[in-house]
Amino acid sequence: MGNSLGYLTREGLRNVLHNRLMSLASISVLFSCLVMIGSAFLVFANLNAMIGSIEAQNVIMVFVKDTSTTKQTEQLGVEIRALLNVESCVFVPKEEAFQQQIDQLGSAAELFEGIDNPLPDAYKVTVADMNNFQTTVKNIEQLDNVLRVRENSDLASKLASLKSAATYISIGVIALLLIVSLFIISNTIRVTMFSRRLEIRIMKSVGATSWFIRWPFMLEGMILGVLAGLLAELAVWGVYEAVSRSLKGLLSTLGRSGALPFSDYWHILLAGFLIIGFLAGAVGSLFSMGKYLKEQECAGIDEE
Amino acid sequence: MGNSLGYLTREGLRNVLHNRLMSLASISVLFSCLVMIGSAFLVFANLNAMIGSIEAQNVIMVFVKDTSTTKQTEQLGVEIRALLNVESCVFVPKEEAFQQQIDQLGSAAELFEGIDNPLPDAYKVTVADMNNFQTTVKNIEQLDNVLRVRENSDLASKLASLKSAATYISIGVIALLLIVSLFIISNTIRVTMFSRRLEIRIMKSVGATSWFIRWPFMLEGMILGVLAGLLAELAVWGVYEAVSRSLKGLLSTLGRSGALPFSDYWHILLAGFLIIGFLAGAVGSLFSMGKYLKEQECAGIDEE
Amino acid sequence: MIEFINVTKKYPNGTVALRDVSLKIDPGEFVFVVGASGAGKSTFLKLIIREEVSSSGIIKINKYNLNTLSKREIPYFRRTMGVVFQDFRLIPSMNVYDNVAFAMRVIGAKEKDIRKRVTYVISLVGLSSKARCMPNELSGGEQQRVSLARALANNANLIIADEPTGNVDPQMSKEIVDLFMRLNEGGATVVMVTHEHSLVRCYDKRVIILENGSVVSDGIPARLAPSEPAKPPAVEETPGPHPKPYLPRRQGTEITDIPVADLLAGSGKDGGR
Amino acid sequence: MIEFINVTKKYPNGTVALRDVSLKIDPGEFVFVVGASGAGKSTFLKLIIREEVSSSGIIKINKYNLNTLSKREIPYFRRTMGVVFQDFRLIPSMNVYDNVAFAMRVIGAKEKDIRKRVTYVISLVGLSSKARCMPNELSGGEQQRVSLARALANNANLIIADEPTGNVDPQMSKEIVDLFMRLNEGGATVVMVTHEHSLVRCYDKRVIILENGSVVSDGIPARLAPSEPAKPPAVEETPGPHPKPYLPRRQGTEITDIPVADLLAGSGKDGGR
Ligand SMILES: Nc1ncnc2c1ncn2[C@@H]1O[C@H](COP(=O)(O)OP(=O)(O)OP(=O)(O)O)[C@@H](O)[C@H]1O
Ligand SMILES: Nc1ncnc2c1ncn2[C@@H]1O[C@H](COP(=O)(O)OP(=O)(O)OP(=O)(O)O)[C@@H](O)[C@H]1O
Ligand SMILES: [Mg+2]
Ligand SMILES: [Mg+2]
């Protein structure tokens with residue numbers, strides 16, 4: 001079959017050009033689906049990053065005993081930083097803490113004027129992994145010179161569950177889009193093949209094996225799939241840059257410095273697009289052709 | 001043409017059954033697209049409701065002058081409630097306010113024990129429209145016996161911009177899905193028509209007018225469109241109920257009582273689905289047939 | 001009336017299928033068109049039914065001038081004729097009955113008339129038992145006869161037939177031509193392309209011979225034969241001891257049991273028009 | 001060798017196209033199959049090429065038993081024969097050259113051999129100038145000849161032809177049958193369905209007559225004619241002064257300028273097999 005390979009390849013290429021309507025339709029549909037999947041992926045990546053940055057704002061306040069010396073206080077800071085799961089640890093002098101309390105009260109703050117500062121010195125600790133939040137709190141409580149630990153474990157658990165919810169939803173939505181896309185693509189290919197069933201039947205009646213017929217169709221599918229993947233990458237890139245630029249103002253209001261850079265994601269997307277496109281094209285045409293390639297069973301089946 | 005109408009209608013119905021592969025493919029693709037659009041719509045409706053419920057938590061604290069009598073205080077409450085844009089107004093006695101402050105401080109609260117309550121009585125006011133937040137604050141400040149108004153205008157403006165961002169994004173995403181869907185659907189119909197071009201050509205050569213050929217195809221498209229719409233409604237309903245039930249726990253963690261009930265949205269969705277399905281089917285087949293219905297131009301065009 | 005004035009047809013790929021053809025077919029005439037494969041016979045018919053447009057020259061069919069015919073009028077124009085296509089052109093998704101009925105449905109005939117007439121023309125071509133079959137369940141000759149039945153459905157007074165006997169046996173071929181003769185006697189104009197010269201020779205009708213896109217002979221063979229010694233081989237190459245065309249032998253043709261007699265009276269009142 | 005033993009073919013819609021047919025065609029034989037439209041001729045051929053499967057009975061083709069042939073073997077089985085289809089079966093997206101070449105490509109022939117052989121068989125059917133045309137740019141007869149060329153491409157030693165002369169003029173018909181005769185003389189088995197009884201009569205070959213799915217006559221007409229007075233009208237209804245089949249007159253047939261002489265020597269070394 002060495003001679004055939006060249007022919008089959010040329011034939012696949014020729015098909016792409018010859019059936020322009022079909023090619024265009026297949027590429028368009030695949031392209032649309034990939035763009036949707038890619039967009040969903042980027043939206044969820046950003047959402048995750050956003051939740052992450054909110055998480056970073058969830059801090060543990062560690063109040064230092066009034067009785068401890070400056071040295072002891074510093075020692076405590078070192079010990080906290082040495083703990084696993086501690087990402088940052090910042091010293092907050094009591095004056096600053098009091099001022100923050102007052103600020104939090106807004107314009108009612110002046111009511112506190114003249115009151116003695118009842119607050120102790122403190123450390124502001126952020127954790128790396130929210131899921132081990134409680135353990136970290138426990139560890140800190142066991143250190144020397146700790147007066148009391150203030151933590152918002154409620155918010156922490158909320159954020160943790162929000163994050164896992166976002167992850168589940170992202171995976172769910174992308175999986176759904178993938179399924180829907182495969183469904184749409186396979187239907188498009190089925191219809192395309194249907195319109196070429198005559199051709200397939202003729203080839204069979206001249207003595208072509210199933211694989212000889214399949215090859216050019218599969219190759220055609222692969223080429224179209226890869227083309228659609230490349231186009232989708234370009235489209236998603238363009239749209240993402242445009243949208244993230246126009247949303248920049250909004251994101252900064254929400255406390256984020258901007259959308260994630262596309263350059264961090266282009267290779268994942270491209271790889272995904274090419275794999276999906278390639279497989280959809282190859283496997284899609286492989287399966288949707290099956291029906292038209294079938295030979296009649298031997299004697300007897302016509303009778304029922 | 002009275003006689004024909006019955007025939008053309010029967011023919012359209014017959015086509016649906018006869019071209020089962022094509023019908024199935026068209027319905028599937030349309031169905032998939034509608035499900036995506038419907039899901040996006042419901043997700044955004046819920047998102048909006050969520051932001052709304054956060055908004056409702058953004059309150060204006062109105063502190064009452066220490067010097068005012070109980071009567072004057074009550075009078076102030078009545079005046080606040082009378083203002084436009086005030087949604088609710090709840091009295092918070094000073095003891096309660098102090099307790100809240102202490103609670104907010106978390107476990108560091110016992111530090112305040114023994115300190116005199118420095119807070120005045122207050123009213124907790126929520127506004128109806130966030131965009132008029134500032135005006136309402138101004139109006140309250142001008143009332144008698146108001147010591148001071150505490151408001152978080154920063155959060156208010158953040159929420160307002162978040163809400164409008166969510167609206168824009170919802171509209172954008174749904175519009176995008178709509179465009180992508182129309183694109184996919186029109187391509188599917190084009191391919192379907194392509195595979196029936198022979199039939200169309202034969203009909204033409206027997207003397208059928210374009211409309212006589214179009215009618216059954218359009219009717220077929222409409223039937224398939226409406227069917228796809230109905231199926232999509234059922235699918236979205238089922239999926240929504242399942243998802244909202246499984247997310248109930250999560251949503252309550254986030255402070256929401258649960259997803260919006262589907263019963264509030266089914267008619268909007270159904271109407272949308274039916275309209276899109278109907279139009280896609282009818283207009284789609286109308287346009288994609290055009291090419292195959294064209295007659296050759298008169299003499300001379302072949303020569304160039 | 002069919003009139004071609006200096007008609008040339010050049011296909012987009014450069015093939016010149018008809019070259020400067022001028023001829024006139026009067027209403028009520030019966031014309032055979034013969035010629036080798038690729039001579040331009042089908043192109044000639046396609047120009048008549050305006051499936052192709054001439055590259056130059058004027059074509060007039062009855063009251064229609066095809067050079068000025070608007071696209072809107074084409075369907076109405078086509079309904080004035082019954083056409084048997086060389087490749088049959090049956091609608092693959094409709095059964096035999098519906099294929100034939102389609103020609104009447106396009107003109108908006110009443111369902112009752114359609115039923116009567118279609119049943120009748122299907123029986124005429126001997127396919128009553130196959131009325132519910134789909135085209136792909138028919139033999140080649142059966143498909144051809146469905147195409148014929150469809151051409152007859154509307155009782156048009158111009159019949160265009162492209163090799164209507166190519167896939168049927170000689171006996172049935174004769175029956176089909178006899179059917180056309182009857183229609184012709186009833187006033188219809190018939191233009192029939194055929195390869196079966198033996199058939200052409202049985203009838204004393206006008207024969208147009210195409211060669212390479214040009215008309216090389218036009219007339220009634222019996223009368224032409226002695227006057228045209230220069231171009232003999234185009235029709236007379238069939239083996240046999242006959243150096244020149246048969247003389248007409250109408251009495252010798254066997255009319256079969258198919259009830260053609262009442263074809264022109266037709267059930268269904270002129271096809272509902 | 002083709003052997004049918006009590007073969008019956010009933011289509012899914014209930015039509016019985018062949019009824020209890022038993023016959024044997026020896027290697028190197030030339031067989032005409034004739035019969036009225038719908039008699040089951042194409043079905044007979046479709047069973048031979050295993051496009052349809054028999055409802056009952058045994059079919060053996062050369063070394064293949066079609067009742068036990070596995071699906072995997074079918075393509076290889078089909079390559080042992082050259083088939084001219086009644087409906088041509090040209091691949092619409094390929095031009096004439098590629099359509100013919102396709103039959104050689106499926107067996108993995110070398111591109112060089114393909115070029116030589118395909119050019120040759122296309123010239124053989126007189127279509128050299130149309131080699132780059134698409135099937136829809138060809139006349140009916142031209143399409144038929146492409147189908148013929150494809151059947152010849154692989155130099156198969158079993159030729160199955162379903163009305164290969166249905167769309168061409170009598171002269172070309174003779175040329176085509178003569179071509180088959182040459183192949184036959186070179187050792188190929190030929191089974192040819194035809195309606196043109198005048199053609200059959202020119203050759204002294206075995207004729208199988210099908211009627212309503214059954215074989216009603218089988219043998220060489222010249223020898224059969226006196227012994228079978230009971231069934232005369234099936235073949236001999238053509239008008240003319242010949243009450244019985246012609247005797248063979250091979251010397252009378254005009255062989256044209258098409259170079260058939262070297263067909264069996266074949267350029268392209270047996271089609272690359
Ligand atoms: N696929 C099919 N399904 C059902 N019936 C069929 C099918 N193919 C053929 N037939 C029927 O079987 C009978 C024999 O058909 P076949 O094609 O063998 O005839 P034929 O002898 O080739 O006729 P023709 O000369 O018209 O081509 C016909 O009555 C036909 O209607
Ligand atoms: N659509 C087309 N495009 C290009 N060339 C064409 C087209 N149709 C026909 N031809 C060419 O025009 C010439 C005449 O074709 P036409 O179909 O009129 O022949 P014909 O006389 O009907 O032959 P046949 O008896 O084989 O049917 C042929 O050479 C053919 O190849
Ligand atoms: Mg023709
Ligand atoms: Mg047949």
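In what follows, chains carry the letters A, B, and so on, assigned in the order in which the sequence lines appear, proteins first and then strands, with residues in each chain numbered from 1.
- When heavy atoms are compared at a cutoff of 4.5 Å, D:Arg72 does not approach chain A at all.
- Looking at D:Leu90, the atoms closer than 4.5 Å to chain A (heavy atoms on both sides) all sit in the backbone: N, CA, C or O.
- Only the side chain of D:Phe85 comes within contact range of chain A, judged by heavy atoms closer than 4.5 Å.
- Residues forming a side chain to side chain donor-acceptor pair (under 3.5 Å) with A:Arg14 (at least two apart in sequence, or on another chain): A:Glu11.
- Note on ring orientation: taking the six-membered ring where Trp is involved, the planes of D:Phe44 and D:Phe4 are tilted (angle from 30° to 60°).
- Surrounding CG of D:Asn6 are more than 12 heavy atoms belonging to other residues, nucleotides or ligands, all under 6.0 Å away.
- Residue contact with chain A, scored on non-hydrogen atoms closer than 4.5 Å, involves the backbone and the side chain of D:Ile91 alike.
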Please list every donor-acceptor pair under 3.5 Å in which a side-chain atom of residues 273-292 of chain A meets a protein atom from a residue at least two apart or in another chain.
unit_1: A:Ser285; atom_1: OG; unit_2: A:Gly281; atom_2: O; d: 2.5
unit_1: A:Ser285; atom_1: OG; unit_2: A:Ala282; atom_2: O; d: 3.3
unit_1: A:Ser288; atom_1: OG; unit_2: A:Gly284; atom_2: O; d: 2.8

